Amino acid sequence: QKLLSSMLDMLNDPSKKIQAVKSWGWFISLLGASAASTRPLLNKMLKVPEQLFTDPDPQVQITTMVIWKNLVDAFFGPQVLENMDQGTVMSPIEPRAHASAQMKKIRLIMMPLCGVLSRSHNIALSSSCLSTWHYLLYKLGDLINHLSILEAAFGPVLKIIFSTRFDNQNKPLWSFCINLFHDFISVRARHLISPDDDVRVPLNQNLLSQTCAHLKALFDVHQIKWLPWDVTSFDFQLEILGSIVNPELLHNMTADMAVTVMDSTTQTFRLLLEGVQVQCNSKFADDNVMICITKVCKFVKKVFLDTVGKQKSNSSAVLVQFCLKFVKCTVEELDNSLLASGKYELCVDIERIKEIEYAKCSPKLSHPRIRPLAYMELVSPAVYLTALSLSIVAQFTGELSHGDAEQLASIICPPDLLENFHAVVPFLYMQIMRPVDSRLRIKWLVVWNKVSKRLNEQMISYLKAGCGASGHDVLCQFFCYPFFALVSSGSISAHWNAENRFEGYLNMTQDLEAELVIEVYRSFCTNSSYCSEPVYMVFLEHFFEYLINIVDENMSSIQANLKYCLENKSKNITILSVLGNVVIGLLENAQIFNYANKEREVTTNEDPAGCREPNLFLGSLKLANRFMKLSGLAFKENPAAQHQVTSRYFSSLSDFIGHLTSTKDVLLLFEV
């Protein structure tokens with residue numbers, strides 16, 4: 001009692017405060033484990049650090065923070081923890097009496113740590129605080145793996161650090177904490193690699209290099225005894241991730257800082273998904289798998305979709321990029337057999353789906369009969385993630401980068417998952433069934449372009465997988481999408497009043513649209529590696545037949561579009577250029593012509609009367625016929641205009657005719 005009284009008196013002399021807190025530390029060490037049992041004495045003693053933690057002198061606060069470790073030793077010494085189970089895997093949610101008994105001690109130690117971190121602007125003081133906190137986590141041993149202990153000792157400091165603005169000053173603290181969280185998350189993957197050995201998953205070296213030297217050393221000096229977490233702690237892990245990707249914090253962040261946050265968080269999220277996959281491989285995992293997959297999907301929706309429309313364009317662009325990375329990680333790390341499984345279903349609780357489901361569509365176009373996703377409909381996780389990604393892109397009002405479009409395409413086109421297209425195609429069409437401006441139309445054409453390229457790379461595997469008639473239909477609808485998008489472009493915002501400005505804008509827009517579409521169709525019709533595959537040729541027959549029907553059903557709208565473009569002095573008419581390039585690609589593809597000849601030989605052998613015309617050859621000629629009709633209309637509207645695609649068409653047609661040797665082919669050509 002005399003010593004305690006002397007220490008309190010020393011606090012009145014600024015020159016003796018550091019001596020006082022050191023004396024306090026020796027006193028606590030002498031008491032040891034009995035400190036907790038002598039509660040009245042401990043309460044009196046705590047008045048010493050209580051005053052010094054708020055002292056105006058940072059050096060006094062730092063010394064107090066260092067000495068605070070003595071209380072950690074007293075509360076969690078070896079003799080206190082010797083009765084703990086030494087398991088290799090621990091369920092963090094299991095209520096254990098021993099864990100509950102330690103909660104008051106942990107809260108007592110954590111209170112000044114959280115208080116100092118919340119108000120500190122001194123990097124040395126904050127670093128000292130994190131060092132003491134890390135020492136507590138180390139001294140807790142196995143106890144740290146209980147969910148209640150994680151929430152009391154681990155989570156609060158992470159949330160404080162991640163909730164502060166990420167800048168050069170607090171980067172070392174942020175880097176230390178993200179690496180510590182990374183280490184905790186990685187334990188399941190580590191256990192999978194080698195259950196019996198302490199194999200460490202490498203920390204984020206880029207961030208580790210930016211951590212204070214003495215904090216960096218803690219990873220080797222005091223290794224926290226993380227055990228493979230149970231999926232029931234999933235909410236805690238997602239909560240911490242959510243605090244890192246807080247949209248409010250990303251709002252004013254520099255581009256470099258945003259990239260650092262995205263890379264490190266995506267890496268940690270990937271490790272979390274690897275841990276989920278470990279759980280999914282368990283024999284008794286069905287319920288837990290559904291819980292984890294549902295929570296991942298809802299987490300991405302909550303963090304990104306609910307906030308992307310509320311941010312300014314620059315901040316929204318970062319969120320879109322971030323979200324697509326998270327969804328791509330999910331698609332890559334979790335097996336398709338899980339994501340596309342009929343056993344696991346989620347409700348489509350996405351407001352964007354609700355909006356387009358009840359949108360009033362333009363009556364001028366004859367759209368294909370498609371069924372969009374219904375709000376609250378039950379779908380597989382794969383379809384949910386696809387709809388979520390599309391909705392985030394739709395809600396984003398800025399310009400979609402090509403990198404983000406590529407990310408979206410990789411999500412939409414996973415191997416052997418044509419089911420996604422039954423959701424993608426209606427969503428794309430619903431974006432143009434209502435009047436849209438050219439900027440939005442181009443955004444979705446960019447998406448279509450990237451998805452088409454990926455789809456072209458995998459087309460044979462899709463077709464050989466036995467997608468059937470419905471699969472052919474949805475692919476045809478997808479590849480015909482640009483024709484509807486371009487026909488629906490007949491009206492452009494009226495605020496372009498100055499004629500020369502309007503004309504320049506119209507030509508620039510149409511050139512970009514044509515470039516996006518023609519690039520895909522050129523490879524689509526001239527892919528030499530696919531033209532030897534009968535299954536691909538059968539699909540081309542269906543596609544040309546589908547395209548011809550679309551042109552016929554929407555002829556009046558297409559004519560109105562041609563007239564509109566010519567009246568506004570457009571140099572190139574996009575829909576004419578696109579259709580012309582498709583036909584030219586067909587006429588110049590010798591392999592398609594050879595296949596058509598073989599088709600005729602088979603038909604003639606099976607049917608000597610030759611009543612049935614070969615579909616591919618006939619389809620090519622009918623498509624050429626539709627182009628000539630539209631080209632003729634363009635000539636009538638403006639004979640003086642340059643019609644380059646028509647000139648190229650007649651040149652290709654001339655070469656094509658030179659290869660016709662069968663009388664029936666020549667007669668069919670003139671007839672069509």
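Bear in mind that the values here come from a model prediction, so they are computed numbers and not experimental data.
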Does the side chain of [X] reach to within under 4.5 Å of the side chain of [Y], using non-hydrogen atoms?
X    : Y    : result
L388 : C297 : no
I106 : F75  : no
T386 : V331 : no

What is the minimum heavy-atom distance between [X] and [Y], and which atoms define it?
X    : Y    : result
M110 : A152 : CG-O, 3.6 Å
L108 : P112 : O-CD, 3.3 Å
L400 : V320 : CD1-CG1, 4.3 Å
L150 : P156 : O-CD, 4.4 Å
S37  : S34  : OG-O, 2.8 Å

Looking at residues at least two apart in the chain, or sitting in another chain, which of them share a salt bridge (Lys or Arg N to Asp or Glu O under 4.0 Å) with D235?
K295
In terms of ring plane angle, is the pair [X] and [Y] parallel, tilted or perpendicular, where the classes change at 30° and 60°?
X    : Y    : answer
F154 : W133 : parallel
F326 : F269 : parallel
Y138 : Y135 : tilted
W174 : F162 : perpendicular

Considering residues at least two apart in sequence or located in another chain, which fulfil the side-chain hydrogen bond (donor to acceptor under 3.5 Å, both in side chains) criterion with S401?
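For S401 the side-chain hydrogen bond (donor to acceptor under 3.5 Å, both in side chains) partners, ignoring immediate neighbours, are D404.
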Taking side-chain hydrogen bond (donor to acceptor under 3.5 Å, both in side chains) as the test, write out the residues that go with T254, two or more places apart.
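By the side-chain hydrogen bond (donor to acceptor under 3.5 Å, both in side chains) rule, T254 matches no residue at all.
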Under 3.5 Å donor-acceptor, [X] side chain and [Y] backbone:
X    : Y    : value
Q169 : I123 : no
T132 : M65  : yes
T38  : A35  : yes
S131 : S127 : no
D183 : N179 : no
N70  : I28  : no
N145 : K225 : yes
D57  : Q59  : yes
N170 : D167 : yes
S120 : L117 : no

In terms of side-chain geometry, is the basic nitrogen of K298 or D349 positioned less than 4.0 Å from the acidic oxygen of its partner?
yes
Can D55 and K17 be counted as an ion pair, charged N to O under 4.0 angstrom?
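Judged by the 4.0 Å cut-off on N to carboxylate O distance, D55 and K17 do form a salt bridge.
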Could you tell me the separation between the [atom1] atom of [X] and the [atom2] atom of [Y], rounded to the nearest 0.5 Å?
X    : Y    : atom1 : atom2 : value
T266 : M262 : OG1   : CE    : 7.5 Å
I224 : L140 : CD1   : CG    : 9.0 Å
S6   : L4   : OG    : CG    : 8.5 Å
L71  : F27  : CG    : CZ    : 13.0 Å
L147 : E151 : CG    : CD    : 4.0 Å
I185 : L272 : CD1   : CG    : 4.5 Å

Tell me if the centroids of the rings in W229 and F236 come within less than 6.0 Å of each other.
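No; F236 has its ring centre 6.0 Å or more from that of W229.
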Counting only heavy atoms from other residues, nucleotides and ligands, does the tally under 6.0 Å from [atom1] of [X] exceed 12?
X    : atom1 : answer
R119 : CZ    : yes
M376 : CE    : yes
K69  : NZ    : yes

Stepwise, does the side-chain hydrogen bond (donor to acceptor under 3.5 Å, both in side chains) test hold for Y384 with E345?
CA-CA 9 Å; Y384 184 93; E345 291 185 317; over 6 Å; no
Please say which of T54, L52, L125 ends up in a side-chain contact (heavy atoms from CB on, under 4.5 Å) with T64.
L52
